[in-house]
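Being a predicted model, the structure only gives us computed values, none of them experimental. Numbers here are sequence positions counted from 1.
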Amino acid sequence: MAETTHTLLTAELALLGGDRAVPKDSDGGTWPVVTADDERAVLRVLRDGPLNAASPGEPEIGRLEAAWAEATGTRHCVAVASGTVALHLALRGCGIGPGDEVVVPALTMNATAHAVHAAGGTAVFGDIEPGTYNLDPRSAAAATGPRTAALLPVHLHGLPADMPALRRLAERLDVPVVEDAAQAHGARLEGRRAGALGTAGCFSLHPHKNLPTCGEGGLITTDDDELHERLVSLRNFGERAPVGARTYISHHAAFNARMAPVAAAFTHSQLARFDDYARRREPGIRAFLDRLVQLPGLGVPRIPAGRTHAWHILRLMPQPEALGLGPEHRTGLRAALHRALRAEGVPVSQYQVAPLPAHPAFRPAGMTEADALDWVAERFPVTAAVVDGSLCLQRRHLDPAAGPLLARYADAFEKVWRHLDLIRQMARSRPAPGWREALRKG
């Protein structure tokens, strides 16, 4: 084995015609893992019904809600159509509407800000912390004002945000905290699971998430009895939960945000293996990161004391200054490593290509494009640097049997790092497009 590893590390890069460090037929990386139990759960609904969540006596939605409330340690759970819908309804349920501002991080999936605007509010942004990539409480405080009506931190990639500091800020402002826990199923902070750390917690069940469904779905958790009652109404045209026959009387302006029973049955089946999968994937991910942290100039995820990571996404941050390059080579370094690693068989990606406040949909009104981009660069420097310079691994590592595949990925990183002179030359050779260019192109 040592001889094989030595051969890999000294071999020519696949980019230049050498053998790949990760063979194309490598095992592992399948997600979601679909078992016979999952298939039986779906078939049970298809054969026995009901197929609609609004049907009298429909059991699957309630089963999933009770199980996820227990898993998160919360009083209530409401199943809805998607993670984005979960955010939207949670904000609506907390009273967010026209004229309200909600603080969100500058680095997150666009759904976080879309949910605010769909509720009638306006997303305002805070920068992120280096290393954790979560909302910086100091920047969040600077973004607040007289119209601030809620905080919407994101537990990005599966690491809980600094909720104690954000809760203190929310208490001073007397506003709710809605957790975007779409990527953080099972993560913990001070012993409590994500989804139990704020006024409401919102989860996505997209098939690529740590807890998947067989289509789309979302979950909202809360300890607030009144909020729970409003959420149940908001997901079903503003109607109250029926006691007998459905009345179709709307008490709130709302729409159909129900989850499908088939999707609920699939997720409930997956939930039976959720903790076991998390336990089994941890050693492989830790071993992978333990090897990468030894490579000079490569930052790996930082986990503050008192928190656990759900490892939904692994974000890696090359550090140009530590590799003898200047900050002007940040995008070039990322592009060179992206090209070399993918050639070796490592499916790294950039993931987000621009800070969220730079997107045309969320820029400050009245600013020209040039002024808006300059404003973003000045106001959100950590986010801008992370977007331009980092690489991500998604989905393949979620397979609980992916440990050997991750070891091959680590082989590939070590092999590429043996050729840093070439990587530096590639990084310096020509400017690579950054987030400004991505926006203009997109």
Donor-acceptor pair, [X] side chain versus [Y] backbone, under 3.5 Å?
X	Y	answer
Thr72	Ala69	yes
Glu344	Ala21	yes
Arg235	Val78	no
Gln270	Asp38	no
Thr144	Ala141	yes

Inset, instruction - Apply side-chain contact (heavy atoms from CB on, under 4.5 Å) to Ala196 and list each qualifying residue two or more places apart in sequence or on a separate chain. - result: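 Ala196 satisfies side-chain contact (heavy atoms from CB on, under 4.5 Å) with Thr74, Arg192 only.
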Inset, instruction - Would you list the pairs meeting salt bridge (Lys or Arg N to Asp or Glu O under 4.0 Å) in which at least one residue belongs to residues 299-315, sequence neighbours left out? - result: none
Inset, instruction - Report the relative orientation of the aromatic rings in His185 and Phe203; use parallel for angles under 30°, tilted for 30 to 60°, perpendicular for over 60°. - result: tilted
Legend entry - Pairwise side-chain contact, Leu295 with Val416, heavy-atom cut-off 4.5 Å (strictly under): no
Inset, instruction - Would you check if Val104 and Val124 make a side-chain contact, meaning some heavy-atom pair closer than 4.5 Å? - result: no
Legend entry - From CA spacing to verdict: side-chain contact (heavy atoms from CB on, under 4.5 Å), Leu211, Lys209: CA-CA 5 Å; Leu211 180 64; Lys209 295 299 193 291; 5.8 Å; no
Legend entry - Ring centroid separation Phe274 to His268 under 6.0 Å: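 When the ring centroids of Phe274 and His268 are compared, they turn out to be at least 6.0 Å apart.
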Inset, instruction - To the nearest 0.5 Å, tell me how far Leu373 CG sits from Glu437 CD. - result: 9.5 Å
Inset, instruction - Provide the closest heavy-atom pair for Leu107 versus Thr383 in the form atom of the first, atom of the second, distance. - result: CB-CG2, 3.9 Å
Legend entry - With His155, the side chain to side chain donor-acceptor pair (under 3.5 Å) member among Gln183, Glu179, His309, His312: Glu179
